[in-house]
Amino acid sequence: QVQLVESEGGSVQPGGSLSLSCAASGRTVSRHAMGWFRQVPGKEREFVSVTIWSSGSVYYVYYADYVKGRFTISRDNAKNTVTLRMNSLKPEDTAVYYCVADPGVSIATMRRPDRYEYWGQGTQVTVSS
């Protein structure tokens, strides 16, 4: 069993930056896919970004089109953490952000929230002037 705990989100003005981190516990997740989804009220959870283990120390990184070039995901396997650095934030980035992990997610399934076994509790990010 894996427990995921996100750092506190926050409120920023448009154009601002914010980092979210997620710490995993319970077992090593170095070969798990780890990433982020987000959700706004009344809408389904949507894919943001994910890192997927390939082999050795190689990980592939993927982003949703609407965050590409603005968000950066990274992971530290020694600390069992994944971080999402969000730059040039827009009001439409306002959402509850969830950390996710799963040992079996692939490129074909990475955008499907139902394919992730482990979820954090979610943290609110608000972008507003």
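For the single chain, residues carry numbers from 1 onward in sequence order. Note: hydrogens, waters and symmetry copies are ignored here, and every other heavy atom, side chains too, is used.
- Smallest separation of non-hydrogen atoms from R38 and V67: NH1-CG1, 4.0 Å.
- Across G9 and L18, no two heavy atoms sit closer than the pair C-CD2, 4.2 Å.
- Other residues, nucleotides and ligands contribute only 12 or fewer heavy atoms inside 6.0 Å of the CD atom of E44.
- Considering R31, H32, R27 as possible partners of P103, the one that fulfils the side chain to side chain contact (heavy atoms under 4.5 Å, CB included) test is H32.
- Seen from the ring of W119, R45 counts as a face-on cation partner, given the 6.0 Å and 45° thresholds.
- V61 and W53 fall into different hydrophobic clusters, where Ile, Leu, Val, Met, Phe, Trp and Tyr side chains are chained together by heavy-atom contacts under 4.5 Å.
- Between F37 and Y116, the ring center distance clears the sub-6.0 Å criterion.
- Taking CZ from R85 and OG from S74, the interatomic distance works out to 10.5 Å, rounded to the nearest 0.5 Å.
- Residues Q13 and V127 fail the side-chain proximity criterion, which asks for heavy atoms closer than 4.5 Å.
- One finds no salt bridge joining K90 and D93 here, because no Lys/Arg side-chain nitrogen approaches an Asp/Glu carboxylate oxygen to under 4.0 Å.
- Between A33 and V105, the closest heavy-atom pair is CB-CB, 3.9 Å.
- The shortest side-chain heavy-atom distance between Y60 and V50 does not fall under the 4.5 Å cut-off.
- The CD atom of E117 sits 12.5 Å away from atom CG of D114, with the distance rounded to the nearest 0.5 Å.
- The two residues V29 and M34 come nearest to each other via the heavy atoms CG2-SD, 3.5 Å.
- Nearest heavy atom pair, residue N77 against residue S30, reads OD1-CA, 3.7 Å.
- Counting non-hydrogen atoms of neighbouring residues, nucleotides and ligands closer than 6.0 angstrom, the CZ atom of R70 exceeds 12 such neighbours.
- Between T123 and L20 the shortest side-chain heavy-atom distance falls below 4.5 Å.
- Remark: the T81 side chain and the D76 side chain contain no N/O donor-acceptor pair separated by less than 3.5 Å.
- Side-chain contact between S25 and V5 is absent, with no heavy-atom pair separated by less than 4.5 Å.
- Residues P14 and P91 form a side-chain contact, since some pair of their non-hydrogen atoms from C-beta on lies under 4.5 Å apart.
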Which is it for L4 and V2 under the side-chain contact (heavy atoms from CB on, under 4.5 Å) test, yes or no, and what are the steps along the way? CA-CA 7 Å; L4 301 174; V2 175; 3.8 Å; yes
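- Interatomic distance, OH of Y98 versus CD of Q121, reported as 9.0 Å (0.5 Å rounding).
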Pair V125-T94, side-chain contact (heavy atoms from CB on, under 4.5 Å): steps then yes or no: CA-CA 5 Å; V125 172; T94 296; over 6 Å; no
Apply side-chain contact (heavy atoms from CB on, under 4.5 Å) to residues Y62 and V48 and explain how you reach the verdict. CA-CA 8 Å; Y62 300 93; V48 175; over 6 Å; no
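- Distance SG/C99 to CD/Q3: 12.0 Å, rounded to 0.5 Å.
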Might you work through the side-chain contact (heavy atoms from CB on, under 4.5 Å) test for W36 and I73, ending with a clear yes or no? CA-CA 9 Å; W36 299 86; I73 191 170; 3.8 Å; yes
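- At a threshold of 4.5 Å between non-hydrogen side-chain atoms, the residues Q1 and Y118 count as touching.
- Residue F47 is grouped with residue V96 when hydrophobic side chains (ILVMFWY) are merged at heavy-atom distances under 4.5 angstrom, including chains of intermediate members.
- Linking Ile, Leu, Val, Met, Phe, Trp and Tyr whenever their side-chain heavy atoms come within less than 4.5 Å leaves V82 and I107 in two separate clusters.
- Note on V40: it does not cluster hydrophobically with V100, by side-chain heavy-atom contacts below 4.5 Å among ILVMFWY residues.
- Within the 4.5 Å cutoff, no side-chain heavy atoms of F71 are placed close to those of S49.
- Between L84 atom CG and T72 atom OG1 the span is 8.0 Å, to the nearest 0.5 Å.
- Across all their heavy atoms, E6 and Y97 have their closest contact at OE2-O, 3.7 Å.
- Inspection of the R75 and T51 side chains reveals an N or O donor paired with an N or O acceptor under 3.5 Å.
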